[in-house]
Structures are given as structure tokens and as C-alpha cells.
Amino acid sequence: MIETRDLRYAYPRGDTLRLGDVSVAQGGTLLLRGPSGSGKSTWLALAAGLLTPLAGEIVVAGQSVAALPAAARDAWRARHVGFLPQKLHLSEALTVGDNLALAYFAAGLPVDRPAIASALAMLGLSEAIASRRPSQLSGGQAQRVALARAVLLRPRVFLADEPTASLDDGACAMALSLLQQCATTLQATLVIATHDARVAQALPQAQVLGFRAAVAEGAA
Ligand code: ADP
Ligand code: MG
């Protein structure tokens with residue numbers, strides 16, 4: 001589940017973003033919709049505890065995120081939040097398998113190679129992919145590897161930032177169905193930040209939090 005109340009965020013020397021309240025049940029889907037620069041990625045960073053709100057509260061899977069001290073927040077995020085960033089951030093210094101193994105190091109857990117193999121299989125990737133480098137993958141394969149990394153530790157909440165931005169219609173439909181399949185399998189709450197109208201069309205049952213072009217604090 002995710003609940004927010006009176007959430008606000010201010011970048012240094014930037015505008016204050018006021019973010020609408022949401023209440024999403026565990027296993028539900030939330031779309032963050034709005035134009036570029038309206039605060040969607042900021043909202044995801046607040047939910048993941050990567051940023052601290054100026055005011056208000058965000059509760060994710062029963063945890064008030066900002067209430068956690070920094071080190072505990074990192075451990076909590078590694079254990080309970082699956083993040084599919086817009087830029088995939090796969091390390092070229094590591095094989096695909098070791099990129100996935102990093103999720104265990106971040107969470108302070110022993111590496112579970114069979115779980116890595118089954119996460120890759122769940123996303124339709126062959127076992128041979130595990131020994132490749134990220135540059136030896138197609139764009140679609142790289143996104144699936146990043147998706148596998150995000151779901152590996154069976155997170156309670158799964159955050160995806162513009163997962164369809166550069167995809168054609170077929171790949172867009174496939175990516176959305178994989179995201180939903182992963183969330184359903186894990187009974188995770190799924191949040192998708194998107195300015196892509198195809199996503200709302202494909203997920204008519206999702207709750208929507210609308211974002212508008214940034215408005216300064218106190219402005220009309
Ligand atoms: P979106 O994901 O909807 O495109 P963002 O959350 O990335 O929007 O950005 C929201 C607003 O915050 C924008 O006005 C953007 O310019 C501003 N912003 C984003 N990152 C920073 C930063 N590190 N410092 C200052 N302002 C930022
Ligand atoms: Mg963004």
C-alpha cells in the first residue's frame with residue numbers, strides 16, 4: 001500500500017512541488033500522469049526514500065519513509081522497494097548475473113543464484129544472458145534485465161519511471177504486460193510514472209495521480 005498526505009517537496013533554489021494525496025491498497029496500481037518537469041520522478045524518489053519531503057507524509061508498505069534514519073532507509077529501500085529507473089543503470093563492468101547479484105549486496109543478503117536464474121526466466125530471458133555484459137543486450141533485453149533486478153527480492157512496492165518512453169506500440173504493450181505480471185505475481189503495489197497516453201489506455205483500472213506543470217508555492 002501507499003498513502004500520502006499533504007506531501008510537498010522543494011529542490012534547492014527550485015519551486016515547491018505540492019503533491020496530491022493518494023491511497024493505494026496493497027497490490028493496486030497507481031499511474032503518475034503529467035507533462036515533463038511536473039514532478040513525477042520526484043514523487044518516485046520520495047516514495048523510495050531517496051529524497052526527504054519538505055512537509056507531509058508518505059507511507060509505503062506500512063512504513064513512514066521519511067521517519068527512517070538515512071542508513072535504515074537505504075536498507076529498507078533495498079529490501080522492500082523495486083525500482084525500474086528511466087535510465088537503466090546497468091553496470092558495464094559486470095555481467096548481467098552480477099548486476100542482479102548487486103541487489104543482494106545492497107540488501108545485506110547472501111546472493112541467491114537460483115533466484116537470479118528464475119527471475120531471468122520469469123521475464124523470458126535465457127540462462128545464457130546471465131554471462132553477457134549489458135552492451136551485448138538488445139534494448140528490450142536490457143529493460144527486462146533491469147526489471148528482473150527490480151523484482152528479485154520480491155519487493156512490496158514496485159516503481160517504474162517512464163518504462164515505455166522510447167518503445168514502439170508492440171514493445172510498449174509487452175513492457176506493460178510484464179510490469180503487471182511481475183506485480184501480480186509478487187502481490188506488489190505498482191506505480192508507473194508516465195507522460196505516455198498509451199499507458200493509461202492499457203491500464204484503465206489503475207488509480208491516477210495527475211501532475212501539472214510545476215507551480216510555485218503561493219502562486220494561483
Ligand atoms: P518529471 O519526472 O515529471 O519530468 P521531475 O520530478 O523530474 O519531473 O522534475 C520536477 C521539477 O523539479 C522540474 O521543474 C525540474 O526542473 C525540477 N528538478 C528536478 N530535479 C532537480 C534538481 N536536482 N534540482 C533542482 N530542480 C530539479
Ligand atoms: Mg521524470
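Worth saying up front: this structure is predicted, and the values here are computed from it rather than measured. Ligands are counted one by one from 1 in listed order, and the atoms in each one are counted from 1 as well.
When all heavy atoms of Phe83 and Ala150 are compared, the closest pair comes out as O-CB, 3.6 Å.
Taking each of Ser41, Gly14, Gly39 in turn, the one with a heavy atom nearest to atom 8 (O) of ligand 1 proves to be Gly39.
The distance from ligand 1 to the heavy atoms of Thr42 drops below 4.0 Å at these ligand atoms: 5 (P), 6 (O), 9 (O), 10 (C). If you number the atoms of ligand 1 from 1 as listed, the ones under 4.0 Å from a heavy atom of Ser38 come out as 1 (P), 3 (O), 8 (O). Counting atoms of ligand 1 from 1 in the listed order, those under 4.0 Å from a heavy atom of Ser36 are 4 (O).
Electrostatic pairing of Arg79 and Asp74 does not count as a salt bridge here, judged by no charged N lying under 4.0 Å from a carboxylate O. One finds no salt bridge joining Glu92 and Arg133 here, because no Lys/Arg side-chain nitrogen approaches an Asp/Glu carboxylate oxygen to under 4.0 Å.
Remark: the backbone N or O of Gln187 is paired with a side-chain donor or acceptor of Gln26 at under 3.5 angstrom. Side chain of Thr164 to backbone of Leu167: no donor-acceptor contact under 3.5 angstrom is found.
Contact annotation: Pro35 has at least one heavy atom less than 4.0 Å from an atom of ligand 1. Using a non-hydrogen distance threshold of 4.0 Å, Gly37 registers as a contact of ligand 1.
Side-chain contact check for Leu203 versus Ile192: some heavy-atom pair is nearer than 4.5 Å.
When distances to the Mg ion (ligand 2) are checked against a cut-off of 2.8 Å, Ser36 contributes no N, O or S atom below that limit.
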